[in-house]
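A short worksheet on the structure shown next.
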Amino acid sequence: MDRIRIVGGNELHGVIPISGAKNAALPLMIASLLTDDTLTLENVPHLADVEQLIRILGNHGADISVNGRRERQGESYARTVHFTSRNIVSTTAPYELVSKMRASFWVIGPLLAREGKARVSLPGGCAIGTRPVDLFIEGLAALGANIEIDGGYVNATAPAGGLIGARYVFPKVSVGATHVLMMAATLANGTTVLGNAAREPEVVDLAKCLNAMGAKISGQGTSTVTIEGVRSLSGARHRVLPDRIETGTYAMAVAMAGGDVILEDTETSLLDTALEAIRRAGAEISETNSGIRIVRNGAGIKPVDIVTDPFPGFPTDLQAQFMGLMTRSSGVSHITETIFENRFMHVQELARLGAKISLSGQTAKVEGVSRLKGAPVMATDLRASVSLVIAGLAAEGETMVSRVYHLDRGFERLEEKLTRCGAHVERVSD
Ligand code: EPZ
């Protein structure tokens, strides 16, 4: 099994190209099931989660072809992928496939809207909390679906004439349930109004793509999204938006290691709150024509308190990385996680590098230390694992991160991107 070896101490200088967002690509790919025409997605990142979803969509009958690689300095990064589901050959998403990635549960929306039925295994995914699916079930039921849970599967059936537009207010903000209800409502009879909807940029990107396919969605990016049902959707061509979590992760890596890096093909507006926290920690951040420049020269890292929240708040998917940064701050910071109840598994691994962190409920108290020392550590989930890489960049000596398959789910060519900026990071195959 591969491991990542980091020798800390080098500053980062250069350019890091930011990939298309994993968390936008996944729902966009799933939206292709809504039409018998071809949906072409540009800027699709090459990640384990994307490959897994390609297998899942294939199981429903999608024909998928990859081409049009964008060459950059002799290497290909983004891909253009064509998805055509002329017919849906199966409305069942089996346990063997869905258990590997939670987002694959989201096929329930398009399958139900287009075929009138879906049988989808209850999901798996990162072990960061219980992550129930009650909001999906309640929301789809509001659109008239009959839903039963049996033997680990959700069996959903639409009324004879199809799903029916309705008003549904989410009792809690959920990115995935907003994606699914929005997709399902595009083909419903009448108008659907979703209250307390997620406002994440990935929701906006999905709505933009669905509208290009002929849907009538308005209000995306606010907490009230309105969807007027249409009879059918067509194909479209859509470019996946930049990955704001990857952007924030590398910004924190530069803030940690020091240096001067341009994060290319990304935008500050996708992560204002996180960038503000990094600025307060002592880095200089500015917008350039090609992306975002981040600089930390000489100045130490200051302690900053953060609380995770749905967009536009501080993203839970950057909480572990920010904690990694705070381990080297010059004081005490508090990091509060409000989205997931079990997203502190990186704490004990960071402690192996010498970090001083104590947990009290949903808040971690991080007492900055003047030095971290490399050690063997274990990746526990996708974002936790990259926080160990960030800490490793500033640790003395060698940090060896095992279980890197977590990293491969969400970070495209991580070691290559960091190495090109001067970091000592390599993949070691046993
Ligand atoms: C998405 O997950 C992201 N995944 C997550 O990123 C991200 O952490 C999360 O949104 C929050 O921003 C993708 O986009 C593929 P939620 P999702 O539904 O949609 C609770 C990563 O590292 N909830 O917004 O699954 C839930 O338990 C991943 O890339 C219910 O209670 O998250 C959580 O506490 C990890 N009932 C909260 O809502 C439900 O039916 C928010 O979850 C659904 C969710």
Side-chain angles (χ1 to χ4, degrees), residues 19-31 45 47-50 52-53 56 98 100-109 120 122-142 147 149 154 156 168 170-183 194 196-206 223 240-241 243-249 270-271 273-274 308-321 337-346 362 379-387 406-412:
S19 299
K22 167 181 87 78
N23 288 350
L26 299 178
L28 289 165
M29 290 166 67
I30 289 172
L47 297 169
D49 272 12
V50 167
Q52 174 65 12
L53 186 55
I56 289 163
V98 180
K100 297 207 173 87
M101 181 177 56
R102 181 176 166 88
S104 51
F105 180 77
W106 301 349
V107 297
I108 195 168
V120 181
L122 287 163
C126 280
I128 55 180
T130 51
R131 304 184 83 184
V133 292
D134 54 323
L135 304 180
F136 297 81
I137 290 172
E138 211 180 272
L140 291 171
I147 298 183
I149 298 182
V154 178
Y168 178 70
F170 293 99
K172 176 176 189 177
V173 177
S174 162
V175 175
T178 303
H179 284 320
V180 164
L181 268 281
M182 209 162 68
M183 287 193 276
L194 301 176
N196 198 25
R199 297 158 63 189
E200 269 65 4
E202 294 75 20
V203 170
V204 177
D205 206 40
L206 176 62
S223 51
V240 179
L241 94 169
D243 196 317
R244 64 193 165 99
I245 304 305
E246 193 195 23
T247 305
T249 299
L270 296 171
L271 70 164
T273 309
T308 64
D309 249 329
F311 192 86
F314 190 100
T316 173
D317 289 347
L318 283 173
Q319 178 258 108
Q321 297 89 315
E337 171 60 51
T338 70
I339 310 288
F340 294 108
E341 71 271 23
N342 189 24
R343 212 173 195 183
F344 280 136
M345 285 173 301
H346 39 286
Q362 291 298 91
T380 50
D381 73 64
L382 168 53
R383 310 303 176 184
S385 53
V386 82
S387 75
H406 288 295
L407 274 177
D408 294 334
R409 290 186 51 200
F411 290 94
E412 192 179 28

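Just so you know, these numbers use all the heavy atoms, side chains as well, and skip hydrogens, waters and symmetry mates. Ligands are counted one by one from 1 in listed order, and the atoms in each one are counted from 1 as well. We're numbering straight along the sequence, starting at 1.
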Inset, instruction - Determine the sole option in R383, Q319, Q321 for which the side-chain contact (heavy atoms from CB on, under 4.5 Å) test with H346 is passed. - result: Q319
Legend entry - D317 bridged to R343 by N-O distance under 4.0 Å: yes
Inset, instruction - Select one of side chain, backbone, both or neither to describe which atoms of H179 lie under 4.0 Å from any atom of ligand 1, heavy atoms only. - result: neither
Inset, instruction - Taking the side chain as every heavy atom from C-beta outward, state whether D243 and F411 have any pair of such atoms under 4.5 Å apart. - result: no
Inset, instruction - Using the side-chain hydrogen bond (donor to acceptor under 3.5 Å, both in side chains) rule, take Q362 and T338 through it: C-alpha gap first, then chi angles, then the decisive distance, then the call. - result: CA-CA 7 Å; Q362 291 298 91; T338 70; over 6 Å; no
Inset, instruction - Check whether any heavy atom of A177 sits under 4.0 Å from an atom of ligand 1. - result: no
Inset, instruction - Can you sort out which atoms of ligand 1 are near R383, meaning under 4.0 Å from one of its heavy atoms? - result: 21 (C), 22 (O), 29 (O)
Legend entry - W106: numbered ligand 1 atoms lying under 4.0 Å from its heavy atoms: 13 (C), 14 (O), 15 (C), 19 (O)
Inset, instruction - Please could you name the atoms of ligand 1 that T316 approaches to less than 4.0 Å, counting only its heavy atoms? - result: 8 (O), 11 (C), 12 (O)
Legend entry - Heavy-atom side-chain contact between V175 and T178 under 4.5 Å: no
Inset, instruction - Output yes when the distance from some N or O of ligand 1 to some N or O of N23 is under 3.5 Å, and no in every other case. - result: yes
Inset, instruction - Select one of side chain, backbone, both or neither to describe which atoms of D317 lie under 4.0 Å from any atom of ligand 1, heavy atoms only. - result: side chain
Inset, instruction - Would you mind listing which atoms of ligand 1 come within a distance below 4.0 Å of any non-hydrogen atom of L382? - result: 22 (O), 29 (O)
Inset, instruction - Indicate yes or no: does an N/O atom of P132 lie under 3.5 Å from an N/O atom of ligand 1? - result: yes
Legend entry - ligand 1 atoms in contact with K22 (distance to a heavy atom under 4.0 Å): 21 (C), 29 (O)
Legend entry - Considering all heavy atoms, the nearest L318-A274 contact: CD1-CB, 3.8 Å
Legend entry - Contact check: L26 vs ligand 1, nitrogen or oxygen atoms, below 3.5 angstrom: no
Legend entry - Side chain, backbone, both or neither: the part of D381 lying under 4.0 Å from ligand 1 by heavy atom: neither
Inset, instruction - Measure the CH2-CD1 distance between W106 and I56 for me, rounded to the nearest 0.5 Å. - result: 12.0 Å
Legend entry - Heavy-atom side-chain proximity of I245 to P315 below 4.5 angstrom: yes
Inset, instruction - Show which atoms of ligand 1 fall inside a sub-4.0 Å distance from at least one heavy-atom site of R343. - result: 8 (O), 22 (O), 35 (C)
Inset, instruction - Run the numbers for me: atoms of ligand 1, each under 4.0 Å from some heavy atom of G176, listed by number. - result: 18 (O), 19 (O)
Legend entry - Heavy-atom nearest neighbour of atom 10 (O) of ligand 1 within options L53, V175, N342: V175
Legend entry - Contact summary for A197 and F170, nearest pair of heavy atoms: CA-CD1, 3.9 Å
Inset, instruction - May I ask you to check whether F340 has an N/O atom sitting below 3.5 Å from an N/O atom of ligand 1? - result: no
Inset, instruction - Provide the number and element of each atom of ligand 1 under 4.0 Å from a heavy atom of R102. - result: 25 (O), 43 (C)
Inset, instruction - Classify the angle between the aromatic ring planes of F105 and F136 as parallel (below 30°), tilted (30 to 60°) or perpendicular (above 60°). - result: perpendicular
Inset, instruction - Evaluate the side-chain proximity of I149 to I137: yes if any heavy-atom separation is below 4.5 Å, no if none is. - result: yes
